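I have placed the structure first, in the form of structure tokens, so that the comments after it can refer back to it.
Note that the structure is predicted; figures quoted are calculated from it, not measured.
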Amino acid sequence: MRELIYFDSKNPHCKYPFGSVAQGKETTFRIFVKDGVFVQSVELHVYADGADTPYVFHMSFVCKRGDESEFFTKINLNKVGLYWYKFIFKTEEGIYEYAKEDGDFQFTVYNKNFVTPDWIKGGIIYHIFVDRFCKGEDKDAVFKKQGVLKEWGEDVTIVDDDGVFRANDFYGGNFQGIIDKLPYLKRLGVTLLYLSPIFKSSSNHRYDTGDYELIDELLGTESKFKELIDKAEKAGIRVMLDGVFNHTGADSKYFNKFGNYPEIGAYQSKQSPYYEWFDFYNYPDEYHCWWGITVTPTVSQRAKSFRNMISGEKGIIDKWTKLGVKGWRLDVVDELREDFVEDIRKAVKRNGEENLIIGEVWEDASNKIAYSYRRHYFQGKQLDGVMNYPFKEAVLSYALGGNAAEFAETVMTIVENYPKQCLDATMNLIDSHDTARALSVLSGVDMNGTDKQYRKNFRLSKEGYDFAKKRLIMASTLQFMLPGVPSIFYGDEQGMEGYEDPLCRRCLDWDNIDSELLAHYIQLGKIRKKFKDQVCGDTYFEHQNNLLVLCRKSGNKTLKVVANNTNQTQSFYCPKAKEELLSGQKLQGASFEILVGEVGIFLV
């Protein structure tokens with residue numbers, strides 16, 4: 001019977017409005033059945049997440065057109081939450097259930113008062129791994145660490161002589177370096193700087209926090225950080241920090257495993273005020289730590305004093321947000337208790353409703369289950385947006401030769417599942433400090449069976465680089481035109497390559513810039529700024545030949561992003577095309593040839 005039924009949750013004629021809805025918003029469902037079986041009745045069964053008993057809505061027969069019958073109903077859900085639904089047909093042959101092939105349809109209902117900051121929408125994020133972006137002249141940025149301060153541009157260390165990787169090779173990237181490059185960032189169209197952790201730490205990545213109240217001395221002083229915030233704001237750029245609140249450093253004032261702090265840490269004494277923050281299996285050397293990494297002991301979910309220090313009045317969030325920080329990205333947010341995330345949101349927002357809170361989530365955040373528990377990020381009490389890893393995988397897969405229909409399905413599933421205000425605030429990345437560089441991935445070079453030393457030494461040939469760059473131009477164009485906010489990992493716009501951590505974290509070489517690639521990113525930024533309404537508008541796909549055609553529409557203007565990842569030229573018919581925006585070529589509409597590996601943005 002399945003082949004006789006038509007329902008597409010992404011088609012507004014079947015479900016209106018499309019996607020997630022606010023509580024109390026009326027939603028219409030229509031389903032269509034072809035002749036071939038006598039349908040006695042149709043019901044819509046809607047289940048609150050985790051519930052066994054559904055809300056049952058009778059679907060009325062509307063009319064018959066040709067050999068197809070239409071049934072419809074309207075529902076109104078006032079309770080915020082995640083819902084699942086399916087259709088129940090009573091036929092002459094018995095009961096038939098209709099849902100997706102892999103489970104029930106999803107339906108998200110969010111708080112009707114839930115809003116996210118408007119300033120992030122239509123903007124551009126630039127992600128800086130601070131130690132490796134730019135080293136400015138600052139006498140107050142000093143090296144006081146156990147490790148090695150290298151010359152800018154020396155290659156990264158992947159293992160010390162004793163076989164241990166300590167992440168203690170430093171290059172001295174600092175706040176002054178970022179200040180020096182603000183004109184460059186403004187030229188790129190950047191509206192938000194996302195900084196990797198900046199608090200005092202023993203490592204170069206600083207995800208092992210030593211003291212949340214202190215700026216790492218290698219970056220500069222707190223006053224220099226304030227200068228960065230103020231000068232960035234004058235350039236139209238806000239600053240977002242990395243909030244690492246699931247774990248601290250073993251080398252910290254709180255744990256103090258190595259005795260480098262004057263405080264009595266949890267490792268040193270059970271009488272330490274921080275002892276309750278950590279879970280010890282066999283005191284003091286066996287303790288719960290993040291993914292078994294002993295330099296990052298995990299903070300206990302029961303540690304109320306820690307949570308109060310972070311999100312309480314005059315706590316860490318208050319301190320830095322009052323200084324001028326406009327956003328927080330929560331590291332491994334799925335490992336934090338939901339009530340803690342809610343408290344963090346309250347702290348971020350009490351310093352200004354326009355402040356942003358983003359979470360690190362690698363899956364569909366609307367229905368994520370972490371540690372056997374459903375998360376509720378998008379219902380108005382937790383996050384404004386997330387890092388959009390599903391889009392990352394879709395973009396890279398397509399640029400590597402993937403299927404256009406699969407790309408569209410992945411994108412539209414996220415568009416359907418995320419509330420629009422969250423979707424427009426998501427970080428659309430194609431790589432990060434945690435992944436291989438997009439350029440290296442897009443080269444298509446098979447690194448299976450190689451060791452890390454080989455990957456460290458590997459560099460693309462000129463031909464390999466040009467091939468990968470062409471794919472990166474396609475991938476970045478899709479990244480910038482998808483719903484959400486593109487997040488550039490420092491140096492991608494200059495053609496940086498590198499595989500897994502720390503190979504993706506090399507110093508940016510300011511003396512060797514790929515001017516063609518940089519110009520492409522600058523042009524993408526100009527397009528987003530000029531057509532902000534469209535990149536924050538509706539999203540849909542068209543099907544033409546074997547092309548990918550992504551459409552962004554608002555008002556009487558539509559941007560059609562057309563990509564060809566096939567091995568032959570494809571024809572794109574667009575009679576109302578006025579301009580191709582990447583090249584600036586004026587058009588009068590017609591049929592256009594899209595060459596192999598090419599991408600264009602057509603204004604209609």
Side-chain angles (χ1 to χ4, degrees), residues 127 129 132 155-159 163 165 167 205 291 362-363 387-411 428-479 482 486-509 512 514 516-517 520-521 546-548 563-570 594-599:
H127 177 189
F129 191 83
R132 312 293 163 80
D155 210 351
V156 295
T157 298
I158 58 173
V159 64
F165 173 60
H205 54 71
W291 286 69
W362 288 59
E363 304 84 10
M387 300 178 76
N388 204 338
Y389 277 93
F391 277 12
K392 168 187 175 291
E393 297 305 320
V395 168
L396 295 180
S397 177
Y398 177 78
L400 283 164
N403 183 274
E406 291 178 1
F407 177 89
E409 177 63 24
T410 297
V411 169
N428 289 347
L429 65 159
I430 55 174
D431 56 5
S432 75
H433 65 294
D434 285 326
T435 71
R437 288 272 178 178
L439 188 77
S440 295
V441 173
L442 294 172
S443 72
V445 176
D446 186 1
M447 286 294 168
N448 289 327
T450 65
D451 61 21
K452 200 162 190 174
Q453 185 65 43
Y454 177 86
R455 295 190 292 277
K456 173 184 175 180
N457 295 331
F458 180 83
R459 298 295 187 277
L460 292 169
S461 66
K462 183 182 184 307
E463 293 76 14
Y465 176 86
D466 290 343
F467 178 73
K469 184 172 80 170
K470 190 172 184 179
R471 283 178 165 174
L472 179 58
I473 287 172
M474 176 184 289
S476 57
T477 302
L478 293 173
Q479 175 194 16
L482 283 167
S487 179
I488 305 170
F489 187 40
Y490 80 102
D492 277 353
E493 77 284 4
Q494 296 187 20
M496 285 185 68
E497 56 183 291
Y499 290 90
E500 77 279 17
D501 162 29
L503 306 178
C504 57
R505 304 175 179 181
R506 291 187 172 102
C507 295
L508 204 161
D509 184 357
N512 292 286
D514 185 325
E516 179 187 25
L517 189 57
H520 167 72
Y521 272 86
N546 293 313
L547 294 169
L548 187 158
N564 179 12
N565 73 348
T566 72
N567 58 8
Q568 60 185 356
T569 298
Q570 302 288 337
I594 310 297
L595 302 179
V596 175
E598 295 293 328
V599 63

What's the shortest heavy-atom distance between Ala399 and Ala475, and which atoms?
-> CB-CB, 4.2 Å
Minimum-distance pair of heavy atoms, taken over all atoms of His205 and Arg505 | CB-NH1, 3.6 Å
Atom OG of Ser443 and atom CG of Leu472: how far apart are they, to the nearest 0.5 Å?
-> 11.0 Å
Could you tell me whether the side chain of Arg455 and the main chain of Glu500 form a donor-acceptor pair under 3.5 Å?
-> no
SB check Asp155 Arg506 (cutoff 4.0 Å) = yes
Where do His520 and Ser476 come nearest, in terms of heavy atoms and distance?
-> NE2-OG, 2.9 Å
So, for Glu497 and Leu460, which heavy atoms are closest and what is the spacing to 0.1 Å?
-> OE1-N, 3.1 Å
Tell me, yes or no, whether the heavy-atom count around Glu363 atom CD, taken from other residues, nucleotides or ligands under 6.0 Å, exceeds 12.
-> yes
Does any non-hydrogen side-chain atom of Asn564 lie less than 4.5 Å from one of Glu598?
-> no
Minimum heavy-atom distance Leu478-Tyr398, with the two atoms named = CD1-CD2, 3.9 Å
Pick one: which of Glu493, Glu516, Glu463 meets salt bridge (charged side-chain N to carboxylate O under 4.0 Å, His left out) with Lys469?
-> Glu516
Can you measure from CG (Leu400) to CZ (Arg471) and round to the nearest 0.5 angstrom?
-> 5.0 Å
Check: Lys456 side chain, Pro502 main-chain N or O, donor-acceptor pair, under 3.5 Å = no
Count the heavy atoms of every other residue, nucleotide or ligand shown that sit under 6.0 Å from CZ of Phe165, and state whether that count exceeds 12.
-> yes
Give me the ring orientation class for Trp362 and Tyr389: parallel if the planes are under 30° apart, tilted from 30 to 60°, perpendicular past 60°.
-> parallel
Taking all non-hydrogen atoms of both residues into account, name the closest pair between Arg132 and Val156 and its distance.
-> NH1-CG1, 3.6 Å
Atom CD1 in Ile594, atom CG in Asn546: separation rounded to 0.5 Å?
-> 13.0 Å
Parallel, tilted or perpendicular: which describes the rings of Tyr490 and Phe129, with under 30° parallel and over 60° perpendicular?
-> parallel
Contact check, side chains of Val445 and Tyr499, non-hydrogen atoms, under 4.5 Å = yes
